Amino acid sequence: MSFFGDTIQNLERSLDYASAKNKVISQNIANIDTPGYKAKSVEFKNVLESTLDAKRTNPKHIPFQNDNLVPYRIKEQQTTAYNHNGNNVDIDKEMTELAKNQIYYQALVDRINGKFNSLETVLKGGR
């Protein structure tokens with residue numbers, strides 16, 4: 001039985017994505033002085049688009065969805081170099097992405113809390 005449809009599962013996947021992105025950004029910042037280190041990024045949009053391309057056209061077709069599918073991909077940026085040692089971590093960009101990701105993560109947590117508060121209100125009979 002599902003109280004909220006797929007909302008909680010979608011929020012859970014979004015939190016996984018935000019957590020993975022935060023981890024990658026932290027690794028990039030930690031390796032800002034490492035020679036030859038290439039910055040990594042988490043791609044979500046490309047994976048989402050490839051999933052949407054595989055849409056079923058008939059209900060009798062086998063679904064393309066895979067519940068074990070990781071909705072994001074970590075990619076290393078090989079083509080750039082900002083420092084003389086081959087490192088391509090841009091600290092300004094990383095700090096901006098970190099701030100954006102923290103706001104996104106907090107918004108997701110607030111949304112999940114709202115869902116559970118609604119459930120609690122129902123269980124208490126609207127009080």
Side-chain angles (χ1 to χ4, degrees):
M1 182 172 169
S2 177
F3 291 110
F4 303 111
D6 292 335
T7 304
I8 295 295
Q9 288 82 17
N10 289 334
L11 289 170
E12 181 183 353
R13 289 184 191 122
S14 298
L15 283 171
D16 289 343
Y17 162 73
S19 178
K21 188 171 183 176
N22 195 52
K23 184 177 176 182
V24 166
I25 292 170
S26 298
Q27 287 175 346
N28 288 342
I29 292 172
N31 288 297
I32 192 163
D33 292 328
T34 304
Y37 180 82
K38 298 298 182 188
K40 296 179 178 72
S41 62
V42 179
E43 292 184 349
F44 176 74
K45 185 178 175 183
N46 293 343
V47 174
L48 178 66
E49 287 175 352
S50 66
T51 301
L52 292 177
D53 288 341
K55 190 171 185 167
R56 293 188 321 175
T57 56
N58 188 318
K60 293 180 181 177
H61 292 164
I62 296 172
F64 294 103
Q65 291 179 333
N66 183 354
D67 291 336
N68 296 327
L69 177 69
V70 177
Y72 54 85
R73 183 178 320 148
I74 297 174
K75 183 177 180 186
E76 193 172 273
Q77 301 167 357
Q78 292 286 340
T79 58
T80 57
Y82 296 122
N83 297 328
H84 64 284
N85 61 5
N87 188 311
N88 68 352
V89 176
D90 181 359
I91 190 66
D92 294 331
K93 179 184 170 209
E94 298 298 330
M95 295 304 285
T96 303
E97 289 296 320
L98 184 63
K100 284 173 35 181
N101 194 50
Q102 287 172 342
I103 292 169
Y104 176 67
Y105 187 88
Q106 190 59 46
L108 292 171
V109 169
D110 287 346
R111 187 69 184 139
I112 286 179
N113 282 338
K115 289 290 184 186
F116 285 122
N117 286 338
S118 297
L119 181 61
E120 183 181 19
T121 301
V122 169
L123 292 174
K124 289 181 177 178
R127 293 180 224 159

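Source: prediction; values computed, not measured. Along the sequence shown, residues carry numbers from 1.
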Full working for side chain to side chain donor-acceptor pair (under 3.5 Å) between Gln27 and Asn31
CA-CA 6 Å; Gln27 287 175 346; Asn31 288 297; over 6 Å; no
Judged by atom type as modelled, is there a donor-acceptor pair below 3.5 Å linking the side chain of Asn85 to the main-chain atoms of Gly36?
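The answer is no, because no donor-acceptor pair under 3.5 Å joins these two groups.
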Kindly say whether Lys21 contributes a backbone atom to a donor-acceptor pair with the side chain of Asn101 at under 3.5 angstrom?
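No.
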[Y] and [X], any side-chain heavy atoms less than 4.5 Å apart:
X      : Y      : value
Lys100 : Ile103 : no
Leu15  : Tyr105 : yes
Glu120 : Asn117 : yes

Can you tell me if CG on Asp33 sees more than 12 non-hydrogen neighbours from other groups inside 6.0 Å?
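Check fails, neighbour count at 12 or below.
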Could you tell me whether Glu97 and Lys93 make a salt bridge, using a distance below 4.0 angstrom between a side-chain N and a carboxylate O?
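Salt bridge between Glu97 and Lys93, a charged N being under 4.0 Å from a carboxylate O: no.
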Using a strict threshold of under 4.0 Å (side-chain N to carboxylate O), is an ion pair present between Glu43 and Lys75?
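Yes, Lys75 and Glu43 are salt-bridged.
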Check for me, please, whether Leu98 and Ile91 land in the same ILVMFWY cluster - side-chain distances under 4.5 Å, paths through other members count.
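Shared cluster, yes.
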Would you please test Tyr37 and Asn28 for side chain to side chain donor-acceptor pair (under 3.5 Å) and show each step?
CA-CA 8 Å; Tyr37 180 82; Asn28 288 342; 2.9 Å; yes
Give, for atom CD1 of Ile112 and atom CD of Glu12, the distance between the pair rounded to the nearest 0.5 Å.
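Separation between the atoms: 7.5 Å.
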Check the pair Val42 / Arg73 against side chain to side chain contact (heavy atoms under 4.5 Å, CB included), numbers first and verdict last.
CA-CA 6 Å; Val42 179; Arg73 183 178 320 148; over 6 Å; no
Strictly by modelled atom types, are Asp16 and Tyr72 linked by a side-chain donor-acceptor pair under 3.5 Å?
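Side-chain D/A pair, Asp16 to Tyr72: absent.
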Quick one: closest heavy-atom pair of Ile25 and Glu94, and the distance?
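Closest approach of Ile25 to Glu94, heavy atoms only: CG2-O, 3.6 Å.
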